[in-house]
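Structure first, then comments.
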Amino acid sequence: MPFLTAALLREQRRLVLWVPVGVALGVLAYFMLRQEPGPVSGVGAPLAGVVLGFGGLVAGWHFLWARLVGGACMAVALGALSAWSTTHRQPPMPELPRRAVLVSGRVQSVMVLPPRGAEEAGGARRVVLAGARFATPLDYEMRPLQRNLSITLRPDDTTSLAPGAAVQVRALLRPPPFPAFPGGRDFQREAWFAGSAGSGRALGLVQQVVCSGVAEDGTPPEAEGTTCSPPKSWWSFTALEPLRERVDARIRQELPGAVGAVVSTVLTGEGSSVPRTVREEFAASGLAHLLAVAGLHLGIVMGVLMGTFRLGFAAWEWAALRWPCKELSALLALLGGAAYAALTGLHLPATRSLMMAAIVVLGLVAGRRAVSMRGLALAATLLLLFRPYELLGVAFQMSFAAVMALIAGYEVARPYLARLREEGRGFWRWLAVQVATLALTSLLAGLATLPIVMAHFGEVQPFFILANLIAVPLMAVWIMPQGLLALVLMPMHLDVVPLDLMGWGVRIVLHLAHNIAHWPAARMMVPHMPGWGLAAVLLGLCWLCLWRPVWRLAGVLPLLAGVLSPVFVVQPDLLISPDGGLLAVRDGGVLLVGGVSRDAVPVRAAWQQALALPMQPFPAEGGETPDGALVCGQDDAPGVCLLTLKNHTVVLRVRDRSDGEALLPDSLCTGMDLVISAAPLRLSCPDTRRLDRFTAWRDGAQAVFLRPDGVQVVSDHSVQGDRPWVMKPGGHGMPNLPLAPEE
């Protein structure tokens, strides 16, 4: 213990770096709960922890362990308190109509979607409505929704829409979907904190209305009582969203196709129109971060602006002799970076990068070190306290892991790079230093984010270093400077030349991504990483980067344990979709999928990503798999398959046009370990363990494990528990009841 105390005393200036880690642990502890804590336990217990931790911190300020324990208690308690309060500040998830309904509301944003296939000339549009109302007798005089609705318009709908316009459209709505498998991506939690009520598909053409409830052509709209009251966040999209859409339209006019979509993504943040094939090629080559406005883009923008301002001040002799030009250039670059981040939508990576940039600029103004681990810790702490739910998102994890690895890596490599610069002069020495710096940057950021990519996307890109060595310098030296020049010249209609030059650079990056994506083993699938594996990776990375002594190397052990965790996790033998219509059987090295589901495409993709197995359809009627494990169409039962696997026998009713009215033969049910049906089983197989559509409706997706001691079924409801964002069975929310009449 004395040795440990002495070692910690030598590192006491870095102990503050663990504050965001403690806050993150408190946030994680809240989200891991299976039951939502009430006000007493959700607020009272964390407040008590804060008070006790602060008391211990003050009373034992001169004792190292008292400061450690008190500070840790405060950080963890603040994280849990922030998560609880943020969760309960969100409006409830509303009940959406189950049939086609006329929806009216204000346009918050309009996104152009990529074409579905090569035969389509252009993609459809997705409109986000705020303050939506429904024209149904049940919803008459109800309050506007406090959440937004995302509606995909028809491809032939060319109605001109601008943010702030009052519109109405007949659409078929649906709530956020349940996870595709137990422990899978939780879209309902994401929608809860994103302020979304669900999505929909337009059945007719969108029509504009005026706030009096009368259409522009003079005819009253179908939605009686339309008040068109502006939502609370009205200013956030009336000011910037029209500008963003005008810039996007100008870019697409000059640069059509995939090139214009990529240019618009890096200049306006409108990335929904990037074709799916381009996204897949960028992901396979390790260049997906170029399509997400984050620290790289903001750093390039601020670097170009700061260099331009410094040159301008240097050319102005009077200012160069009297003003602190370096500090003024940094402040002006920060303002320009803030404008760029606002134009691109202020997404989390851009917000985090802007906070880091502000800390860097303050460090320059105060004469302190610009880029430091303390600045990163401050930015992480503030983000976790104000937006704790971002801890579970891939953007937060990747951005902070990459920056933390870069700062820690350059702390170690700085003396070696300085020695390399001092050993000689000349172009080749300078080129060697630049190549080594770029390679080290790509290696550190890539290795730090590789386990996170494995956990969230189920794949590994082994050629990411080579791709980034070419694409990142091109983005920094050519593409982004031309883009900034185009934005400056766009109001004067002089942006044609810089946009064309920017398009040339983007074409090179597209060609590079396309070629590398088609190399052998450019994209290797890996199984789903459990939550504890990802937590071990992040904690190990923090231990490796936040300490400086040799014991930092101990962080490699949990990091490796997290990376290898998919190997130690037992994969399910059968999967049932959230609506019960889709069934999957893991048979050796393939995943057999059968049944019909409205969400078949996303569920299949999620299953394939989770298990990292190729998919094949169930055998046809009267057929079987090569090993004979799955036999279909036997015993005069159409749509029924018999699975014999791991000394267990399971009946799978994949298709049933009678909706369960046609009972399964008793001879088929006798001796079976489990009966699974995509339709209600009703009175079929009453003495056998059963899973059917009603089970999936009640408990969500199911995962079945065939163990030597029996059959284990894990449901999504047992994993998620009862939390505010978990919707009721069938995706039902809280009815949007009208206000009581005034007496």
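From a predicted model like this one, the values you see are computed outputs, not experimental measurements.
Taking the six-membered ring for Trp and thresholds of 30 and 60 degrees, F31 and F193 have ring planes more than 60 degrees apart, a perpendicular arrangement.
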ask   = Does the ring-ring contact (aromatic ring centres under 6.0 Å, His included) test come out yes or no for F282 and H289, once each step is laid out?
value = CA-CA 8 Å; F282 270 65; H289 62 96; 9.1 Å; no
query = So L591 and V585, side chain to side chain contact (heavy atoms under 4.5 Å, CB included) or not? Walk me through it.
reply = CA-CA 6 Å; L591 188 66; V585 177; over 6 Å; no
task = Any chance you could lay out the side chain to side chain contact (heavy atoms under 4.5 Å, CB included) test for S109 and R244, step after step, and finish with the verdict?
result = CA-CA 10 Å; S109 63; R244 185 180 298 119; over 6 Å; no
task = May I have the step-by-step check of side chain to side chain contact (heavy atoms under 4.5 Å, CB included) for R682 and E661, ending in yes or no?
result = CA-CA 7 Å; R682 304 188 189 279; E661 296 295 338; 3.6 Å; yes
task = Carefully, step by step, assess Y30 and S82 under the rule side chain to side chain donor-acceptor pair (under 3.5 Å).
result = CA-CA 10 Å; Y30 168 79; S82 172; over 6 Å; no
R387/F396 under side chain to side chain contact (heavy atoms under 4.5 Å, CB included): CA gap, chis, key distance, verdict = CA-CA 10 Å; R387 301 172 70 174; F396 179 92; over 6 Å; no
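T344 contributes no side-chain N or O that, together with a main-chain N or O of G269, makes up a donor-acceptor pair within less than 3.5 Å. With S264 contributing its side chain and A261 its backbone, the two residues share no donor-acceptor pair below 3.5 Å. Side-chain N or O atoms of E95 include one that pairs as donor or acceptor with a backbone N or O of G733 at under 3.5 Å. In this structure a side-chain-to-backbone donor-acceptor pair under 3.5 Å is missing from R690 to V675. For the pair S677 (side chain) and P680 (backbone), a donor-acceptor distance under 3.5 Å is absent. Within the 3.5 Å criterion, the main-chain N or O of A678 finds no donor-acceptor partner in the side chain of R653. Here the side chain of R147 pairs no donor or acceptor atom with the backbone of G131 at under 3.5 angstrom. Q208 contributes a side-chain N or O that, together with a main-chain N or O of S160, makes up a donor-acceptor pair within less than 3.5 Å. A distance-only check finds no donor-acceptor pair linking the side chain of T86 to the backbone of A83 [under 3.5 Å]. S85 places a side-chain N or O within 3.5 Å of a backbone atom of L81 that can act as its donor or acceptor partner.
Nearest heavy atoms, V262 versus V274: N-CG2, 4.5 Å. The two atoms that bring A662 and S684 nearest to each other are O-OG, 4.3 Å, heavy atoms only. Among all heavy-atom pairs drawn from P94 and L145, the shortest one is CB-CD2, 3.8 Å. Residues A258 and P275 approach most closely at CB-CG, 4.1 Å, considering heavy atoms. Residue F134 comes nearest to P97 through the heavy atom pair CE1-CD, 3.6 Å, listed as atom of the first residue, atom of the second, then distance. Between E36 and P724, the shortest heavy-atom contact is OE1-CD, 3.1 Å.
R99 has its side chain out of reach of T136: every pair of non-hydrogen atoms, C-beta onward, lies at least 4.5 Å apart. A 4.5 Å side-chain heavy-atom check between P638 and R657 finds every atom pair outside the cut-off. The shortest side-chain heavy-atom distance between W192 and R723 does not fall under the 4.5 Å cut-off. Within the 4.5 Å cutoff, no side-chain heavy atoms of W725 are placed close to those of M93. The side-chain heavy atoms of W697 and D579, taken from C-beta on, include no pair separated by under 4.5 Å. Side-chain contact between F178 and Q188 is present, with at least one heavy-atom pair separated by less than 4.5 Å. Looking at L592 and M615, their side chains never come closer than 4.5 Å, going by heavy atoms from C-beta outward. With a 4.5 Å cut-off on side-chain heavy atoms, V209 and V167 do not count as touching.
Interatomic distance, CZ of R604 versus CD of Q608, reported as 10.0 Å (0.5 Å rounding). Rounding to the nearest 0.5 angstrom, the gap separating the CG atom in L149 from the CZ atom in R133 is 13.5 Å. Between the OG1 atom in T87 and the CZ atom in R89 there is a gap of 9.0 Å [rounded to 0.5 Å]. Rounding to the nearest 0.5 Å places CD of Q720 at 11.5 Å from CE of M727. In this structure, the separation between CG on L681 and CZ on R693 is 10.5 Å, given to the nearest 0.5 Å. Distance check, rounded to the nearest 0.5 Å: CG of L153 to CG of L205 gives 9.0 Å.
Checking D599 against S597 by side-chain atom types alone, no donor-acceptor pair falls below 3.5 Å. Side-chain contact annotation: R98 with H732, donor-acceptor N/O pair under 3.5 Å present.
T695 meets the side-chain hydrogen bond (donor to acceptor under 3.5 Å, both in side chains) test with D692; sequence neighbours excluded. Legend: residues meeting salt bridge (Lys or Arg N to Asp or Glu O under 4.0 Å) with E190, ordered by chain and number and at least two apart, are R185.
For CE of M734, the number of neighbouring non-hydrogen atoms (other residues, nucleotides, ligands) closer than 6.0 Å is 12 at most.
Ring-centre distance between Y340 and H297: not below the 6.0 Å cut-off.
Between D248 and R252 there is a salt bridge, since at least one side-chain N of the basic residue sits less than 4.0 Å from a carboxylate O of the acidic one.
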